[in-house]
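Take a look at the structure set out below.
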2 protein chains.
Amino acid sequence: MFSPVGNSKSLSQQIEEKITEAIRNGQYLPGQKIPTEKELCEIFKVSRTAVREAIKTLAARGIIVVKKGSGAYVSEVSIQNASESLNMFFELSSNKDLILQTIKTRQLIEPIIASEAAKHRTKKHITLLQKNLEDIKKCDLLDSKTEAELDNAFHKILVSIPQNNILELLLSPIFNLMPKFKESVFAKPTDGDLLKEKEMMIIHHSNILNAIIDQNGNLASQSMKNHLATTHANYIKSQALKK
Amino acid sequence: MFSPVGNSKSLSQQIEEKITEAIRNGQYLPGQKIPTEKELCEIFKVSRTAVREAIKTLAARGIIVVKKGSGAYVSEVSIQNASESLNMFFELSSNKDLILQTIKTRQLIEPIIASEAAKHRTKKHITLLQKNLEDIKKCDLLDSKTEAELDNAFHKILVSIPQNNILELLLSPIFNLMPKFKESVFAKPTDGDLLKEKEMMIIHHSNILNAIIDQNGNLASQSMKNHLATTHANYIKSQALKK
DNA sequence: AAGTAAAATTTGTATGATGTCTTATAAATT
DNA sequence: AATTTATAAGACATCATACAAATTTTACTT
């Protein structure tokens, strides 16, 4: 009955949509430059303010990149770019179960990934994983930040082995945020526990790596399950200690 | 000798970070209003332009929503918002590998989800899934769009059963884009094939549903694998036909 | 006390000016 | 002839001001 009187979209939003549409149509391909602000003003018959706000939004979405003094270019769609918003969501999400759910999600998904990695691994992957393991062993016990990053890197390498960009993309927020989780939330164990936890981690990573070297998917999956079960348990323990 | 002096983040970027930081600190909670542009100008000692650009970026990221004449409010973080960039990524990179990788990713992850769903399902979930199945059966054979949406809805319900927000969030881009993939890329089979494919889909969904009703995780997982293997095969076939 | 109209506040758009960065071209030096 | 430096032009970044449009607050009337 009532047609939307709306048109509630702001000028800059409309311009933003038109530019997006042009990009989506292939009118401007990744790497190419879109018209200058001045030209866009003339094309759309609006002020530079409106154009600039539209451009700012598109840049924030990662659809274009603006180079000062040069112009705005359609960005090469990159996994990093695409997952930035997801990462932001994770960071801002105030859900207290977030960490627990993240760990549970990893428990569901990573065993499969380990299994796939065992099937598709090459010598190059093995070398990478072995180097990572050595680095972790050498890492200072008190440098928990580096250790967390190396730990994370191990899992990232695993996810990269099946050469499935989508899989990597979807899981990237988890791996990006994991070190932050550890730093901010996990309780600091006493020195003795620290050592024990690290040794345990190294053993688990070794088990996973060996299974992958042997191309034994089932064993890799099972080793990963064990590893993450420990992670889960450690988290529960640390939360209990806080009370 | 000289290190690059750059690292000059733009003014609006700096402001953006400060506001983000304040939100992250809990200084402004979801739903609350952040200071007006004028106030922000005074706080940061910059022009309104710079402040507005920062606000624009934050709004584009879905971190705040701006109401004309009222102010800017911290938004309730939603999955929809968070995955919007990802959706754009999927849309822009419409290369064929992407679809194949998406299908493969589903083949890796969804069997586990089906298995979990079998463990955690309630009567309410069963009812939902049964209704969805009935709707698909009733759906007009030629209305492929509705059919694709219903198909997708089935899988979405499954993902929601374990009540793991992270899992849902991570996979939402896949489910959001799946109908579009089908519409734009899959070859239209002949009428006979259409009927056959639909019957097959209904059989597979029934198998999955029955396994879930029986709380038989292994069977649910296996049924899902079969289902997605068919999806995979159909896609390969459709691509071959195009040549 | 409630409703309404006016005023104040706040965001949206427009315009002009100045600064800084990038790129291209010309001039000077080696 | 090749390299370096100087200059100019194009383009984005920031600032300031003004006005428009939407919302919220205030004041006034009933």
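Each chain gets a letter, A, B and so on, in the order the sequences are listed, and its residues count up from 1.
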**OP:** Check the pair A:K68 / B:S10 against side-chain hydrogen bond (donor to acceptor under 3.5 Å, both in side chains), numbers first and verdict last.
**Re:** CA-CA 10 Å; A:K68 184 172 172 180; B:S10 77; over 6 Å; no

Between the protein and nucleotides 8-17 of chain D, which nitrogen or oxygen pairs come in under 3.5 angstrom?
{"from": "D:dG10", "atom 1": "N2", "to": "A:G69", "atom 2": "O", "distance (Å)": "3.1"}
{"from": "D:dC12", "atom 1": "OP2", "to": "A:E37", "atom 2": "N", "distance (Å)": "3.2"}
{"from": "D:dC12", "atom 1": "O4'", "to": "A:G69", "atom 2": "N", "distance (Å)": "3.2"}
{"from": "D:dA13", "atom 1": "OP2", "to": "A:R52", "atom 2": "NH1", "distance (Å)": "3.0"}
{"from": "D:dA13", "atom 1": "OP2", "to": "A:R52", "atom 2": "NH2", "distance (Å)": "3.2"}
{"from": "D:dT14", "atom 1": "OP1", "to": "B:L11", "atom 2": "N", "distance (Å)": "2.4"}
{"from": "D:dC15", "atom 1": "OP2", "to": "B:S47", "atom 2": "N", "distance (Å)": "3.4"}
{"from": "D:dC15", "atom 1": "OP2", "to": "B:S47", "atom 2": "OG", "distance (Å)": "3.1"}

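- The shortest side-chain heavy-atom distance between A:T105 and A:E110 does not fall under the 4.5 Å cut-off.
- A salt bridge is defined here as a Lys NZ or Arg NE, NH1 or NH2 lying under 4.0 Å from an Asp or Glu carboxylate O, and A:K119 with A:E116 meets this definition.
- Counting heavy atoms from C-beta outward, B:L167 and A:I109 have side chains that approach closer than 4.5 Å.
- In this structure, A:R52 and B:E53 have side chains that are in contact, with non-hydrogen atoms separated by less than 4.5 Å.
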